[in-house]
Protein chains: 2
Amino acid sequence: MVAAARAVLDDGSALSMRAVAGRLGVAPNALYSHVDGREGLLDAVLDDLLGTLPLPDPSTEPEAGLTAVMTASHELLLAHPGLAPHFVARQGARGPNAQRLGDAMRVLLAAAGVTSEAAQDTAIRVLVVHAIGDAAVAAGPEGTGPFDLDVLRASYAVGLRWLLEGALRACEHFPGL
Amino acid sequence: MVAAARAVLDDGSALSMRAVAGRLGVAPNALYSHVDGREGLLDAVLDDLLGTLPLPDPSTEPEAGLTAVMTASHELLLAHPGLAPHFVARQGARGPNAQRLGDAMRVLLAAAGVTSEAAQDTAIRVLVVHAIGDAAVAAGPEGTGPFDLDVLRASYAVGLRWLLEGALRACEHFPGL
DNA sequence: ACCTGAACACCGTTCAAGT
DNA sequence: ACCTGAACACCGTTCAAGT
């Protein structure tokens, strides 16, 4: 069922209950026996996709590892533009796979000296909002809005670098914050 | 008419053509004599709101000025949560008032040493995406999602500071970039 | 120029009923 | 458990017609 949803999504069509049902050759309301509403379906699809992301090796250099995981997440959303707005509306994902990614980021942050949980929280939040916000903007009205996809990737990378430098520098100056 | 739309929006209701028409005591399709579709109406409302933002004094210290204008924009979107998702989908505003704000930001960036137009473009893009992305996430499903509005404001401010430091530092090291 | 009624092609969701 | 038909309460938009 999440497979059917992903298929609909990859067709470029908007993910509607009726479209998913149609692809399964089933009445629209039949879906409600398996998922609690559209919101739940989108959450399931989202976490399914997040499960395909490679977890960063905890032994890699922290900044490189964080850059890798955030870039991969951003790229995943760029590949599924129909999902980005929902990702934004839901304030990020909270499924088990999203949890795994968050934990991996915490490990990397801690290795970089960001040890306090509160500092990790804000760092993760800022990084995630940047990724999903940028992807949602990139999703835009058409396949390609006024921006080329490459300048988009480039500007995301720039913002990501600035944020990471800021996050890690903050804890050089106040170790143990 | 944009006034009616703003009224609907401030009621907390989603901005639908039919809601705006209802508030005006008019049939829904009557709106199409004044605006070209829902998209156009939202653009008009958005630019109307941006017109209420104070322009930063060009003589202020650049970083403070940029912080002020971005914080004000973010605050404006927080006050109109129904608008943020559309702002994201439209890849930012492009009306005359948005243009004015962009120009003001360019002046401040230039005063801070960011003189090349390309560098200004990416800086503005990164800052704007951060603001609207964060506001859209804050808009969330309910009035208050899992996040308190204050921690939201705080984490936005942190991200903003990191981005500004990054943007301005880039041009200390490579003046005239 | 501005509005109306009627209609089209969609939504998500619920409810009672079937197997 | 899983599906169906019918219905409800919505959408945005168009078209022909009225004033």
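In what follows, chains carry the letters A, B, and so on, assigned in the order in which the sequence lines appear, proteins first and then strands, with residues in each chain numbered from 1. Worth knowing before you read on, the calculation uses all heavy atoms, side chains too, and leaves out hydrogens, waters and symmetry mates. This structure is a prediction, so every number in the text was calculated from the model and none was measured.
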With the side chain defined as heavy atoms from C-beta on, Ala30(A) is closest, among dT13(D), dC3(D), dT13(C), to dC3(D)
Options dA7(D), dT13(D), dT4(C), nucleotide nearest the side-chain atoms of Val26(B): dT4(C)
To the nearest angstrom, the NE2-C1' distance between His34(A) and dC3(D) comes to 9 Å
Send over the distance from Leu24(A) CG to dT4(D) P, rounded to a whole Å. 10 Å
Ranking Gly25(A) and Leu15(B) by the position along DNA chain D of their nearest nucleotide, the one closer to 5' is Gly25(A)
Starting at atom CZ of Arg38(B), determine the distance to atom C1' of dC11(D), rounded to an integer number of angstrom. 9 Å
Any side-chain heavy atom of Leu160(B) within less than 4.5 Å of one from Asp134(B)? no
Length of the line joining Met1(A):CE and dC2(D):P, which is rounded to integer Å: 11 Å
Measure CZ/Arg18(A) against P/dA6(D) and give the value in whole Å, please. 14 Å
The residue among Leu78(A), Leu83(A), Leu77(A) that forms side chain to side chain contact (heavy atoms under 4.5 Å, CB included) with His80(A) is Leu83(A)
Take atom NE2 of His86(B) and atom C1' of dG12(D), then tell me their distance rounded to the nearest Å. 13 Å
Do Tyr32(B) and Asp36(B) pass the side-chain contact (heavy atoms from CB on, under 4.5 Å) test, and can you show the C-alpha distance, the side-chain angles, and the key distance before you say yes or no? CA-CA 6 Å; Tyr32(B) 289 80; Asp36(B) 56 336; over 6 Å; no
Side chain to side chain contact (heavy atoms under 4.5 Å, CB included) test vs Leu101(A) passes for just one of Ile124(A), Val128(A), Val69(A), namely Val69(A)
Among dG12(D), dT13(C), dT4(C), which is the nearest nucleotide to the side chain of Tyr32(A)? dT13(C)
When we call it a touch if two heavy atoms are under 4.0 Å apart, what does Ser33(B) touch: a base, just sugar-phosphate, or nothing? base
From the set dG12(C), dT13(D), dT4(D), return the single nucleotide nearest to any side-chain atom of Ala27(A). dT4(D)
Which one is paired to dC8(D), where only Watson-Crick or G-U wobble pairs with both distances under 3.5 angstrom count? dG12(C)
Residue pair Ser13(B), Asp11(B): steps toward the side chain to side chain donor-acceptor pair (under 3.5 Å) verdict: CA-CA 5 Å; Ser13(B) 325; Asp11(B) 276 6; 4.7 Å; no
Rounding to an integer number of angstrom, what distance separates dC10(C) and dA9(D) when you compare their P atoms? 22 Å
Just the rounded figure in Å: distance from C1' of dC10(D) to CE of Met17(A). 16 Å
